[in-house]
Amino acid sequence: MPNDSLTVTDNRTGKNYELEVKNGTISAMELRQIKISDDDFGLMSYDPAYKNTASTESRITFIDGAKGILRYRGYPIEQLAEQSSFLEVSYLLQNGELPSRRQLEEFTHNITYHTMVHENIRELIDAFRYDAHPMGILLSTVGAMSTFYPDARDIESAENRRLQSYRLIAKMPTLAAYAYRHRRGLPYVYPDNDLSYAGNFLNMLFCMTERRYTPNPVVEKALDVLFILHADHEQNCSASAMRAVGSSHVDPFSSLAAATAALYGPLHGGANEAVIRMLNEIGSKSKIPEFIRRAKEGESRLMGFGHRVYKNYDPRAQVIKKLAYQVFDAVGKNPLIDLALELERIALEDEYFVKRKLYPNVDFYSGLIYQSMGLPMDLFPVIFAIGRTPGWLSQWEEMLTDPAQKIARPRQVYLGEGERKYVPVSER
Ligand code: SDX
C-alpha cells in the first residue's frame, strides 16, 4: 500500500477505498466511487466558501498564513517592494521570471503606449452621476471596454491574450483617474507617456493648470510599492471570480469587470475605505475600548483586521506601516495614524483577537497613506484594483492554459422540497 494514500472505510457498506494523497490533497472526484448502491451518485465534499478546498494548482503566488510569508513566483514580497518596480513585478507574475533589461523596456513600452481610452469611454464616464462611487464607474467601464475590443473574444490566441493584458494594465489607471476627475468636476487629463506608471497616474489625477505635472518622487515611489504589494494574492475572492467567469471563455475585459465587482465588497478590497470610516467613527483613543467591546460582541467589525489565510501579521501590512512614515515625512502626517497604532496595540493584547489570530491585514494602514496623498476614501479600492490587475490576468492566463481546468460549475447539497403537484391559484 503506497504511503501517500488514505485508506477509507465506508461504515455503511464495510467497503475500503484507497485515496491517493498528492500535494497535500485528495482528489474530490475520487470520492464519487464511494457508493451505497450501484445507482448511488457517490460521495461529494461539502465546503461552503471553499474554506478547505483547492480549486486549482498554481505556480504564481505562495502564502504561508501561519508564518506570514508572501512570495510572487518565489520572490519574497519584502525584496520585491524594496528593489523592484510595479511593471517589473507585473512582468514577473505573467511570465514567471524577472525580465532582462530589454524585456522590461519592451514591456514598459507596450504598457505605456496603451494608456489612452476611446473617447466614447470618456463620454460614458460623463454619464454617471457626480456622486457615483468610482468602483461602480470602474467595473462598468472595464466591462464596456469589451465592446471596443471585440478581438478580445479570441481567448485561444496567446498573442491576443497578451495584447489584451497590455490594454488592461495600461488603461486601469486612466479609467480610475477619469472617474476621480468626473467626481471633482475637473477636465480629464490625458496620459503623459514620459512619466512612470505611478507618476502618470498621479498626473492624470492631480494635474491642474501647470503646463507639465511633476509628481512628488516620494509619493510616486510609495504608490509604485503599494501597487506591488497589491499585485496578487493567490485564490482570493476576486481572483476566484476572475477564474470562474473566465472559465466560460468570455473576454478578459468582462472577466476583469467581475473581479473588480468582487473586490468592491467591504470584506475584500473595500476594507481600506472601511478602515478610515471606522477610525473616523472611533474619533479618539478614549473611545477605543468601547469600539473593541462592540467588535467582540459582533456588533461591528475591526476593519483591516483578520484574514482567511494569514493567522499572523500580514507581511504587506508590515511594509505599508513603514512606507506610511516616508509618505508622512513628504506630505504631512495623517493624524489618524496614532489612533490606528493604539487600536492595533490594544487589539493585539486582547484575548478575543489573539485567540482568533486576528492581525492587521493589507488594508489596515494603506488607506492612511492614500488619504495623506490627497485621495478620497472611495478611490482607495480603485487603487487596489489597479495594483491587482496583473495578478488577476496571471490567474486568468494560468486557468486558460491548465488542461485540468474546465468551466467552473460547483455541485450543491439539495435540501429543498421533494416533487409536488402544482396548485392553481383559485385553490390556494
Ligand atoms: C483582503 O483573501 C485574500 O487574500 C484577500 C486579500 C487580498 O489581497 O486579496 O488579502 C485582501 O480582502 C483583506 C481582508 C480585508 N477585509 C477586512 O479587513 C474586513 C474585516 N475582516 C473580516 O471581515 C474577516 O477577517 C475576513 C473576511 C477578512 C476573513 O473572514 P473569515 O476567514 O471568513 O473569518 P470569519 O469571518 O469566519 O471570522 C472568524 C472569527 C469569527 O468569530 P467567531 O464566529 O469565531 O466568534 O473571527 C471573527 C469572526 O467574528 N472576526 C472578527 C474579524 N474578523 C474575523 N471579529 C472582529 N473584527 C474582525 N475584523
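Start at 1 and go down the list; that is how both ligands and their atoms are numbered.
In terms of heavy atoms, Pro289 sits closest to Lys285 at CD-O, 3.6 Å.
Not a single heavy atom of Phe364 sits under 4.0 Å from any atom of ligand 1. Close to ligand 1: Gly304, with a non-hydrogen atom less than 4.0 angstrom away. Heavy atoms of Lys296 come nearer than 4.0 angstrom to ligand 1 in no pair at all. Every heavy atom of Val309 sits 4.0 Å or more from the atoms of ligand 1.
Counted by atom type alone, His268 and Ser238 present one or more donor-acceptor pairs between their side chains at under 3.5 Å. Between the side chains of Asn193 and Thr112, no donor-acceptor pair of N or O atoms lies under 3.5 Å. Side-chain contact, Asn95 with Arg162: a donor N or O sits under 3.5 Å from an acceptor N or O. In this structure, a donor-acceptor pair under 3.5 Å is present between the side chains of Ser196 and Glu220. If you check the side chains of Gln164 and Asp251, you find no donor sitting under 3.5 Å from an acceptor. A donor-acceptor contact closer than 3.5 angstrom links the side chains of Asn120 and Glu123. A donor atom on one side chain and an acceptor atom on the other are found under 3.5 Å apart for Tyr310 and His233. Between Gln405 and Thr56, the side chains place a donor N or O and an acceptor N or O closer than 3.5 Å (distance only, hydrogens not considered). In this model, no donor atom of one side chain and acceptor atom of the other lie less than 3.5 Å apart for Glu20 and Ser27. Side-chain contact of Glu344 with Tyr313: a donor-acceptor pair under 3.5 Å is present, judged by distance alone.
Taking any N or O of His268, backbone or side chain, at least one lies under 3.5 Å from an N or O belonging to ligand 1. Inclusion of Ala295 in the set of residues having an N or O under 3.5 Å from an N or O of ligand 1 is not warranted. The distance criterion of under 3.5 Å between nitrogen or oxygen atoms is not met by Lys311 with respect to ligand 1. An N or O contact shorter than 3.5 Å is missing between Ser300 and ligand 1 by distance. For Asp363, no nitrogen or oxygen atom sits less than 3.5 Å from a nitrogen or oxygen atom of ligand 1, counting backbone and side chain alike.
When the heavy-atom distances from atom 35 (P) of ligand 1 to Gln235, Arg308, Arg301 are ranked, the shortest goes to Arg301. Nearest-heavy-atom check against atom 16 (N) of ligand 1 across Leu229, Val362, Asn236, Leu267 picks out Leu267.
Considering only non-hydrogen protein atoms, atom 10 (O) of ligand 1 sits nearest to His307 NE2, 2.6 Å. For atom 20 (C) of ligand 1, the nearest non-hydrogen atom of the protein is Phe305 O, 3.4 Å. When hydrogens are left out, the protein atom nearest atom 52 (C) of ligand 1 is Leu358 CD1, 3.6 Å; that is the closest non-hydrogen contact. If you check which protein heavy atom lies closest to atom 43 (P) of ligand 1, you get Arg356 NE, 3.7 Å. Here the protein heavy atom with the shortest distance to atom 56 (N) of ligand 1 is Tyr352 OH, 3.1 Å. At the shortest separation from atom 19 (C) of ligand 1 among protein heavy atoms lies Met303 CE, 3.6 Å. In this structure, atom 4 (O) of ligand 1 lies nearest to the protein heavy atom His233 ND1, 2.6 Å. The shortest contact between atom 28 (C) of ligand 1 and any protein heavy atom is with Gly306 O, 3.7 Å.
Note: Phe353 and Phe305 have perpendicular aromatic rings, judged against thresholds of 30 and 60 degrees for the angle between ring planes. Between Tyr370 and Phe380, the ring planes lie tilted relative to each other; the angle falls in the 30° to 60° range. Using cut-offs of 30° and 60° on the angle between ring planes, the pair Tyr149 and Phe253 is parallel.
Counting the atoms of ligand 1 from 1 in the order shown, those under 4.0 Å from a heavy atom of Arg388 are 7 (C), 8 (O), 9 (O). The distance from ligand 1 to the heavy atoms of Ala271 drops below 4.0 Å at these ligand atoms: 15 (C), 16 (N), 17 (C), 18 (O). Below 4.0 Å from some heavy atom of Lys51 lie the following atoms of ligand 1, by number and element: 37 (O).
Atom 33 (O) of ligand 1 lies below 4.0 Å from at least one non-hydrogen atom of the protein. There is no protein heavy atom closer than 4.0 angstrom to atom 30 (O) of ligand 1. Remark: atom 59 (C) of ligand 1 lies closer than 4.0 Å to at least one protein heavy atom. The nearest protein heavy atom to atom 39 (C) of ligand 1 is not closer than 4.0 Å.
Residues Ile60 and Asp232 are in side-chain contact: their nearest non-hydrogen atoms beyond the backbone lie under 4.5 Å apart. The shortest distance between side-chain heavy atoms of Ser100 and Gln103 falls below 4.5 Å.
Counting heavy atoms under 4.0 Å from ligand 1, residue Leu302 touches it through both backbone and side chain.
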